[in-house]
Structure formats: structure tokens, C-alpha cells
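Heads up, the thing below is written out as C-alpha cells.
Quick note on labels: first sequence line is chain A, next is B, and so on, each numbered from 1.
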Amino acid sequence: MSDDKTTERADDGPGNFVADIVREDLAAGRVPGQVTTRFPPEPNGYLHIGHAKSIVLNFGLAAEFGGACNLRFDDTNPAAEDVEYVDSIKEDVRWLGFEWAEERYTSDYFQQLYEWAVQLIREGKAYVDSRTEEEIRATRGDFHSPGVNSPGRDRTVDENLALFEEMRGGAAPPGAHVLRAKIDMQSKDLKLRDPLLYRVLDAKHHRTGNDWRIYPMYDWAHGQSDAIEGITHSVCTLEFVNHHGLYDWFLEAVAADPAPQQIEFARLALSYTVLSKRRLLQLVEDGLVSGWDDPRMPTIAGLRRRGYPPEVLVSFCDRIGVAKSNSIVDVALLEHTLREDLNARCPSYMGVLDPLKVVIENLEEGAAHELDAPLSPDSEVHGTRKITLRREVWVERDDFMEEPIKKWRRLAPGKEVRLRYGCLITVKDIVKNDAGEVTELRCTWDPESLGGDAPDGRKVRGTIHWVCAEGAVDAEVRLYDRLFTAENPMDFEEGGSFLDHLNPESVELRSNAKLEPALGGLDVGTRVQFERLGYFCFDRDGSAEAPVLNRTIALRDSWAKKVKSAQDQKNQKNQKKARSTKK
RNA sequence: UCCGAGGUCGUUCAAUGGCAGGACAUCGGACUUUGAAUCCGUGAAUGGUGGUUCGAAUCCACCCCUCGGAACCA
């Protein structure tokens, strides 16, 4: 074999330091039983592509090392959480292609957590503080000064037990008492300055109803839940690095053995995108998008509706790597991954978004030429479909220029172009309305070119898409673009907001689109390429008779890029000129 | 200012004391019945200063920069 070298230097993809840690732990015999991870969303919002990174990491670790990954809803704050979110989260994880070993809820552990808390009180490691929220905050100290001990620290075990029962049983109103761990108010690790374990909340929990009034705080609940489930590697994002000491302290305090290990990685940030539940919620609530699944949203539901296959998100997460340094991934990488997948997956049809009529004058009225056209230029996998050429066809308005710029290959007066898989036509006359708008192109065709080949082998550089007027399917097409115009939408001027960077052209409607007949009656969710335009997905807003399509992403367009950069240069030159003449 | 986590091409991830490499982006070329896809190619980086070493992105010291932390949120 000639590939000794390639196997020796196997391309093992981008880095994943978490997988490295697991591998080392396994090699050193530090993993009791099987590798076990969990994906722990709080059911207070929809999942987005940032969560996909965590999902792929956690489920991927379990798969790679033959272990298991649980889905755990971290539902310790009934005020913010709801079943609506539980359902959407499950749907999204499944759609991404992952199946959890067990579906768990932190609320499943409320009883155990409570018993452990009582144990901590008995051991003098927790106490009830009866001061106000403000007092507690004020005595915590800050970065530079130590905290001051709470008077609650001196209460006896029995006193604490009795007070804790008041909290649990209903005698104490919300805010009257909290349970705190007795650690060290002088610690330089602020998280260790007697953190709260429990607060009293008068809220109905979406699962436990009114069974409980005391609700555990994240830090108290999370590590213990990990321990209960036998999680070996508890992977979380970087902002929890500051909780690491407390995570370990709680585990040690209840003698969890073996103890899970918390590992922090950098969450995903994407250019031209906002990924924070709070801000996504704001977009939804302010009506700036149509909902959580608006095709412009970076939510899993939004991307799904936009036309992203789940494999694209997984493969994207695989190639961005997992590291510890905060970074912003270029959205172009996502778009590249998308196009790569769609190019292989989608059959290519023809659709005209902004139709302009072409009449082929020397093509006999009533005549119909039926042709077989391939559904993929590069492979046989998609087969062919029939298209029909008649006297009247639709072409893209953008494909005609009355006064063509240089290197223009498409329709222009006197110019010959190819109708893809159809024939060669030449523009003879332009018909305009009173307003001076072009309404019709009168052309002639070369009957010898039926199918699109030049009979004498002459070079025809321009090839455009078209749709036969008779039998065309009317459709609405929505052209989506990036939601924000700024690379980092969070980089706004003082007094402004990320909304200042909203792209006013993030969606454009083409309500008069004409599609080839083969596109009629396709199922919602079907993905196709429109030749020369991009990839499109049938949306649920449409019907078999009146389809609605979302543009998932445009094809790469090096011509448009060239035209634009030429224009930019011109503008710059003009500006310079203007400046120098001013002087 | 205290504690903690980080700092490698434009971006992102590698190289774990031994020739700084891949992907995306950029630019150029070939091909083309999608100005697509594909193929080929170009340019581009170790935050700084000292030290250890035959040899340092990697080890040590000091400095600089970025991010996170003082919720009865997760």
C-alpha cells in the first residue's frame, strides 16, 4: 500500500481537549464503569446552535468511548421554566440525531438534595440566615475586601433544623430565611463565601407542582445531580470556571465517591450572530422575528425551518474544535459546511424569482419540445426530469442588461445566450411599458441547438435558467440573509443596543416566482437547488397549490463579488477624488 | 486593584523539547451547458523581555493584553 504515510499521519481533525482528558482518565484507570456525560439545559428557552456544540460534545464523548449521555433538565427555578421548552428541547436533540440514555430532571432529586442538606446542617456545614437579601449581599464583601460572618453562623444545629423546616413546610414566607453553606467568608474565591443552598419560592413547578417551596440553587443542585447519575465528566462552559471550587466542595461535603469532574470549554460564538437566550427572547418578544423558529434565528428550530439538515450542524460542530479560549467562529465556515452538504444532497431544478417574459419569435406557436434534463450536473444519483420548451418562457430579470457592463455574459441586445438544457436564443427586440420598464424580450432561437448544444461548436459563454410559461407553478419565495450586519452585534455604541445592527434586508419576498412543473406538489421540508440561485426548502406556510419556499443559502457567486469589489474600488477612487478636489 | 481562565496565520483548531500544519476566508489560475461544483496554486502567525537547553510555540521568571467572577439566575 502506498498510504503508509497517510495512516501514520492520520488527520485527526481539530482539537478536542475534553476528549483528550477522557482518554487519559481511561488510560489511567480513573473512570469507574463507563464514561458518562450529560446535556443539562434549563427549560427556559429554545436551543440554539451554541447548544448544538455542547450536545455534539457530550453525546459525542459518550459515543466515542462507548459510554452514555443523559438529557437532564436543570429545572431548579420554577419562575423561569416551562414544559413548552422541555418539549422543544427534546424535539431538537432528537432532530440532531442523538438519543439520550436517560431523561432526567434535577427536580427528580429534590428529596435527595433536601436530605443531604439536612445532613450538612447536622454536621455543622450549613446554617439558616434570616437577614434580607440586601444585608446578605452587603456582607459578602467584594474583590478586595473579605466578607463578614452572618449571625446565622452561630445558630445551633437544632435551631437550624427547625428554621429549615419552617422554610420547607410553609411557615416561613419567601425571603424570610435562606439556607447557606458554612464555608469561609474570607475566601478569595467569592463563590466560597457561604453560598446559598436554598431559597423559598412561592411558585408552581412545572413538574413537582406545589410539593416544594424550597428550591435548590444551581451550585448545590448541579454537582450532586451529576453524582447521583454517575456522571464521570461534567462538561460546562467557561463562565462556570469560577464555580469549580464550589462544585468540588459540595461533592466532598456529601462524600460523593467517585466524584464527577467538572471540565469547562469555550461556548460557541458566531460572527454576525447573537447567541444568548435573553437576546433571542427579546427578538421574539419585540416581534423583530416571527418566532423562535423564524428562519433567520440561530435556534435549532429556526435553522431547521430555514432548511439546514441536522448533519450540517453536527459536522460544523465537529470541525470547529473544542478549546478553552474564548473565540468567535466565522459564520462563513457554517455557510461553507451548509453548501458542501446541500450540493451533494439536493437535485437541481429551475425557478425564476423575478420573472421577465421572453417570446421566441421563430418558435412556432403551439409547438412543444419535451426534453430530458439531468437533476444533477455532477452525478447520476438524482436522475432526470422532463422539461418543456415553448414559444414563451420566463427568465430572471437580473439576467438582462440593456447596456451591459464589461464581461457580461447574459442577456443583452443582440447577444446570444443559452437557456440551460433548452436552446440558444438571441435578443432581437426589447418591449417597454409607458414607464420605460422592460416588459418583454423578443428573441429568436437556433432550432439546431435544442438541448443546449451549439450545433457548430461555437462558444456561448452565457447560460441562464428559465421556466416555460405554460405550466409554470406560481410560488412565494423568501430570500433570507444574515440577521445582523455587524460582525459582532454586541459591539455597539454607548447608549445603543445590539438591535442597532439588525439587517433591514434580512428577508426579501419574491411573491411572483415561477417554478418548473416538476416542483409542484412536493412535501414541506423538501430541499432543492435552483440552478444558479441557491438552495431552497419548502416551508409549512405554503400548500401543494401555492408553495412557499425559504432560501436556505445562496450559491457562491464570484461574479457578484467581482462586480461589488470593482464598484467598491470605484467608489473609493471617487471619494479620494472628491476629497482632493475639496482641498 | 483581588481571584480565576486564556493569548499560534484575517478566523478557528493543531504541533505536548526536534522542519510551526490543516480547515475556512483572501487572492490567482485551470475547467465549465449553474459566473455553481471540482482541481491546482499564492500570501499569511507563536503578545513582549530575559533565562534554561545542542535545540523552545512548548520549560522557568518578570511584564503586557483579553475574558470571567462580588444574583435568593443557570
Side-chain angles (χ1 to χ4, degrees), chain A residues 9 11-17 20 40-42 44 74-77 79-81 106 129 132-133 136-137 140-147 174-175 177-180 187-191 193 196-201 215 217-219 221-222 236-245 264 266 271 277 319-337 339-340 343-344 348 350 373-374 376-378 407-410 418-422 424 449 451-454 460-465 487 529-534 554-563:
Chain A
R9 279 218 60 186
D11 178 14
D12 50 3
N16 181 338
F17 80 98
D20 293 342
E42 182 187 12
N44 70 344
D74 214 349
D75 54 353
T76 58
N77 185 4
E81 296 148 8
T106 301
D129 196 329
T132 65
E133 194 174 336
I136 292 175
R137 211 197 310 263
R140 186 151 22 224
D142 60 27
F143 296 149
H144 310 290
S145 46
H177 314 291
V178 293
L179 186 71
R180 301 179 72 178
S187 176
K188 292 199 164 168
D189 180 348
L190 269 52
K191 285 280 176 241
R193 317 243 260 229
L196 270 65
L197 270 71
Y198 279 99
R199 76 283 212 197
V200 174
L201 254 31
Y215 289 96
M217 302 294 292
Y218 166 86
D219 288 301
H222 203 88
C236 63
T237 46
L238 239 36
E239 63 268 33
F240 292 98
V241 169
N242 297 305
H243 301 237
H244 202 131
E264 308 88 10
S271 60
K277 278 191 203 172
R319 58 176 86 180
I320 54 178
V322 179
K324 247 180 132 91
S325 64
N326 268 312
S327 60
I328 300 177
V329 175
D330 191 344
V331 75
L333 179 59
L334 210 215
E335 295 174 342
H336 167 82
T337 310
R339 289 195 181 97
E340 181 181 66
N343 179 54
S348 300
M350 289 194 284
S376 164
D378 305 321
K407 294 203 172 168
W408 180 258
R409 292 187 194 166
R410 290 117 88 166
R418 172 167 28 241
L419 297 184
R420 176 101 154 142
Y421 302 136
L424 301 178
S449 68
D453 282 313
V460 177
R461 294 301 299 274
T463 301
I464 63 171
H465 58 278
E487 195 167 326
Q529 181 193 136
F530 285 176
E531 298 246 357
R532 305 210 304 130
L533 294 177
L555 248 37
R556 266 179 53 178
D557 191 347
S558 56
W559 165 250
K561 214 181 269 178
K562 217 175 267 178
V563 171

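Within the 4.0 angstrom heavy-atom criterion, no nucleotide atom of any strand lies near A:Asp189. When heavy atoms are screened at a 4.0 angstrom cut-off, A:Gly175 is found touching base atoms of the nucleic acid. Counting any heavy atom pair closer than 4.0 Å across all strands shown, A:Ser376 reaches no nucleic acid atom. No engagement by A:Val200 is indicated, since no non-hydrogen atom pair under 4.0 Å with the nucleic acid exists. Residue A:Lys561 is in sugar-phosphate contact alone, with no base atom involved, counting any heavy-atom pair closer than 4.0 Å across all strands shown. Within 4.0 Å of A:Gly451, counting heavy atoms only, lies at least one base atom of the nucleic acid. Here A:Val178 lies in heavy-atom contact (under 4.0 Å) with a base. Nucleic acid contact class of A:Arg140 (heavy atoms, under 4.0 Å, all strands): sugar-phosphate only. Using a 4.0 Å heavy-atom cutoff across all strands shown, A:Ile320 reaches sugar-phosphate atoms only and no base atom. Nucleic acid contact for A:Leu533: none, since no nucleic acid atom lies under 4.0 Å from a heavy atom of the residue. Using a 4.0 Å heavy-atom cutoff across all strands shown, A:Arg556 reaches sugar-phosphate atoms only and no base atom. Across all strands, A:Thr76 comes closer than 4.0 Å only to sugar-phosphate atoms, never to a base (heavy-atom distances). No contact: A:Asn44 has no heavy atom under 4.0 Å from any strand. At a threshold of 4.0 angstrom between heavy atoms, the contacts of A:Gln529 include nucleobase atoms, whether or not backbone atoms are also involved.
Remark: the separation of the P atoms in B:rA20 and B:rA56 is 11 Å, to the nearest Å. Annotation: B:rG10 and B:rG18 have their P atoms spaced 25 Å apart (nearest Å). If you take atom P in B:rG41 and the same atom in B:rG22, they sit 11 Å apart, rounded to whole Å. Between B:rC9 and B:rU34, the distance separating the two C1' atoms is 33 Å to the nearest Å. One P atom belongs to B:rU58, the other to B:rU53, and the distance between them is 16 Å to the nearest Å. Separation of the C1' atoms belonging to B:rA57 and B:rG21 is 13 Å when rounded to the nearest angstrom. Annotation: B:rG6 and B:rC40 have their C1' atoms spaced 38 Å apart (nearest Å).
Rounded to an integer number of Å, the gap from A:Asp557 CG to B:rU26 C1' is 17 Å. Taking atom CZ of residue A:Arg193 and atom C1' of nucleotide B:rC2, one finds them 9 Å apart after rounding to whole Å. Taking atom CZ on A:Arg199 and atom P on B:rA71, their separation rounds to 14 Å, with Å as the unit. Taking atom NZ on A:Lys562 and atom C1' on B:rG28, their separation rounds to 10 Å, with Å as the unit. Going from atom CG of A:Leu334 over to atom P of B:rA23 covers 19 Å, rounded to whole Å. We find that NZ of A:Lys191 is positioned 16 Å from P of B:rG4, with the value rounded to whole Å. To the nearest angstrom, P of B:rA74 lies 10 Å from CG of A:Asp75. A straight line from CG of A:Asp330 to C1' of B:rC13 spans 14 Å, rounded to a whole angstrom.
Panel note: side chain A:Arg461, backbone A:Arg409; no donor-acceptor pair is recorded below 3.5 Å. No donor-acceptor pair closer than 3.5 Å links the side chain of A:Arg180 to the backbone N or O of A:Leu197. Proximity of a side-chain donor or acceptor of A:Ser271 to a complementary backbone N or O of A:Val331 within less than 3.5 Å is detected. A:Thr337 places a side-chain N or O within donor-acceptor distance of the main-chain N or O of A:Leu333, the cut-off being under 3.5 Å.
In the set B:rU33, B:rC2, B:rC13, the nucleotide with an atom closest to the side chain of A:Ala323 is B:rC13. Nearest to the side-chain atoms of A:Met217 among the listed nucleotides B:rA37, B:rC13, B:rA74 stands B:rA74. Taking every side-chain heavy atom of A:Pro377 into account, B:rA36 is the closest of B:rA36, B:rA25, B:rG35. In the set B:rG7, B:rA36, B:rA23, the nucleotide with an atom closest to the side chain of A:Asp378 is B:rA36. Closest approach to the A:Ser325 side chain among B:rA74, B:rC13, B:rU32 is made by B:rC13 (side chain taken as heavy atoms from C-beta onward). Nearest nucleotide to the A:Ser558 side chain, out of B:rA36, B:rG6, B:rA74: B:rA36. Here the side chain of A:Trp408 is nearest to one of B:rC2, B:rG35, B:rU34, namely B:rG35. With B:rA70, B:rC72, B:rA74 as the candidates, the nucleotide lying closest to the side chain of A:Glu81 is B:rA74. Here B:rA74 is the nucleotide among B:rA70, B:rA74, B:rC13 with the atom lying nearest to any side-chain atom of A:Phe240. The nucleotide whose nearest atom lies closest to any side-chain atom of A:Arg137 is, among B:rA71, B:rG35, B:rC13, B:rA71.
Using modelled atom types, one finds no donor on one side chain facing an acceptor on the other under 3.5 Å when comparing A:Asp129 with A:His177.
OP1 and OP2 of B:rA36 both lie 4.0 Å or more from every side-chain N or O belonging to A:Ser348.
Counting distance only, with no hydrogens placed and no angle test, the side-chain atoms of A:Arg319 and the base atoms of B:rU12 include no donor-acceptor pair under 3.5 Å. A donor-acceptor contact under 3.5 Å links the side chain of A:His243 to the base of B:rA74. Side-chain to base pairing of A:Arg532 with B:rG35: no donor and acceptor N or O lie closer than 3.5 Å to each other.
For the pair A:His222 and A:Pro40, the tightest heavy-atom approach, listed with the atom from each and the gap, is CE1-CB, 3.7 Å. In plain terms, the two heavy atoms of A:Phe17 and A:Glu264 that are nearest each other are CZ-O, 3.2 Å. Between A:Lys191 and A:Asp219, the closest heavy-atom pair is CD-OD2, 4.4 Å. Residues A:Gly452 and A:Arg418 share a closest heavy-atom pair of O-NH1, 2.9 Å. Considering all non-hydrogen atoms of both residues, A:Lys277 and A:Asn44 come closest at NZ-OD1, 2.6 Å.
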Query raised in the report: How does RNA chain B look in dot-bracket form if you count Watson-Crick and G-U pairs under 3.5 Å, write [ ] for pairs that cross, and put | where a base pairs with another strand?
Result: .((((((..((((....[..))))..((((.......)))).....(((((..]....))))))))))).....

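A salt bridge links A:Glu340 to A:Arg319: at least one charged side-chain nitrogen sits closer than 4.0 Å to a carboxylate oxygen.
Look at A:Trp559 and the base of B:rG35; the rings stack, centres closer than 5.5 Å and planes less than 30° apart.
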